[in-house]
Amino acid sequence: MNPPSGGIDPASFAPRLVAWQRACGRHDLPWQRSRDPYRVWVSEIMLQQTRVDTVLRYFEPFVRRFPGVRELAAADLDQVLAQWSGLGYYRRARNLHAGARQVCEIHGGELPRSRAELETIRGIGRSTAAAIAVFCFDRPEAILDANVQRVLGRAFGLPRPATAAARRDMWRLAEQLLPRQDLAAYTQGLMDLGATVCKPAQPECLVCPFAADCPRELAPPAASPARRRAPRRSLTRVLLWARSGPAQAPRIWLQRRAGHGIWPGLWCLPEHDDQAGALALAGELGELLRQRELPAVVHQLTHLELRLHPLQVVLRPRHRVTDGALDGGWFALDEALRLGLPAPVRKLLTAARAAGD
Ligand code: SF4
């Protein structure tokens with residue numbers, strides 16, 4: 001692709017970005033403290049569709065729990081999902097786990113060094129593979145995630161690439177812009193600029209190194225994807241919160257969700273269209289002793305607002321319902337909180353434990 005004439009000189013793009021990154025970029029993120037490809041891989045996967053300040057709360061506990069590829073590969077998927085719990089987009093955790101097993105089986109537990117080989121690992125796309133290859137192995141590879149597409153699009157006056165051909169063109173531009181040296185600072189600079197300055201809704205052009213000649217210096221917020229996003233749907237569900245056992249040591253019934261849809265593979269309070277469905281399941285689990293409705297919880301997903309109405313029931317369990325039946329099991333609260341749980345369910349159960357409920 002020939003970068004458009006006028007606007008930013010492509011030859012000056014990398015040196016200006018590198019100088020800006022050194023002076024104003026991010027230098028103290030925990031995954032920047034080493035060139036360990038495993039840590040970079042985990043961070044890159046966590047950062048997909050997730051803000052840095054959120055990832056900061058999850059990264060260190062995750063790598064403490066699974067310090068390397070082998071430990072991650074040896075873990076049960078449940079343990080991985082439990083550690084990922086609350087970070088969302090759980091397919092990433094499943095892929096990371098499957099990818100770690102692949103690295104152990106095929107590459108002896110060491111991540112390969114080339115971008116092409118990295119791309120064969122489950123869950124690693126071209127841009128993530130390029131980031132690992134640059135940061136850990138000094139390979140001259142271009143990244144082009146959504147943030148970088150936005151930065152290059154604005155800086156060079158290009159439309160958002162909507163077709164495969166347009167995406168190929170943008171990859172070509174990203175490759176043409178690569179400097180011969182300072183690759184890591186350049187790549188980090190693209191990430192930092194996209195995340196902290198050239199933001200989707202309100203780019204902070206006044207503090208951008210390209211403010212003087214960027215064709216989108218005055219990019220109007222009206223063009224933000226947030227404005228164009230389809231309205232969020234709202235969905236109401238009843239959560240069956242079935243309890244059994246003594247009041248001071250209750251057990252709760254959780255079911256494992258299917259491997260697709262929202263919260264794939266996580267453990268959840270069973271959800272139903274209405275109270276009748278929830279009570280029908282309660283009837284299968286045991287004899288109903290008491291029931292009460294708890295205040296609704298609203299949980300926002302990207303395109304969906306979930307209104308969850310917990311229905312707490314106290315049951316005398318039926319002996320024929322054993323763990324494993326109905327894809328579920330009875331768990332003590334502490335056991336339940338060690339499982340992979342959707343964020344709103346974890347919040348409910350954590351509050352119940354704090355209240356001694
Ligand atoms: S000047 Fe503004 S629109 Fe252009 S790259 Fe910088 S922040 Fe983005």
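Atoms within each ligand, like the ligands themselves, are counted from 1 in listed order. These figures come from a predicted structure and were not determined experimentally. We're numbering straight along the sequence, starting at 1.
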| query | Which ligand 1 atoms, with their elements, are less than 4.0 angstrom from a heavy-atom of C208? | reply | 1 (S), 5 (S), 6 (Fe), 7 (S)
| task | Indicate the ring-plane relationship of F13 and F210, choosing parallel, tilted or perpendicular according to the 30° and 60° boundaries. | result | parallel
| query | Taking the six-membered ring for Trp, is the centroid-to-centroid distance between Y90 and W263 below 6.0 Å? | reply | no
| task | Would you kindly specify which portion of C214 sits under 4.0 Å from ligand 1, judged on non-hydrogen atoms: side chain, backbone, both or neither? | result | side chain
| Does NZ or CZ of R126 fall inside the cone over W171's six-membered ring, less than 6.0 Å from its centre and within 45° of the axis? | yes
| query | Do other residues, nucleotides or ligands put more than 12 heavy atoms under 6.0 Å from the CZ atom of R35? | reply | yes
| query | So does C198 have any N/O/S atom less than 2.8 Å away from atom 8 (Fe) of ligand 1? | reply | yes
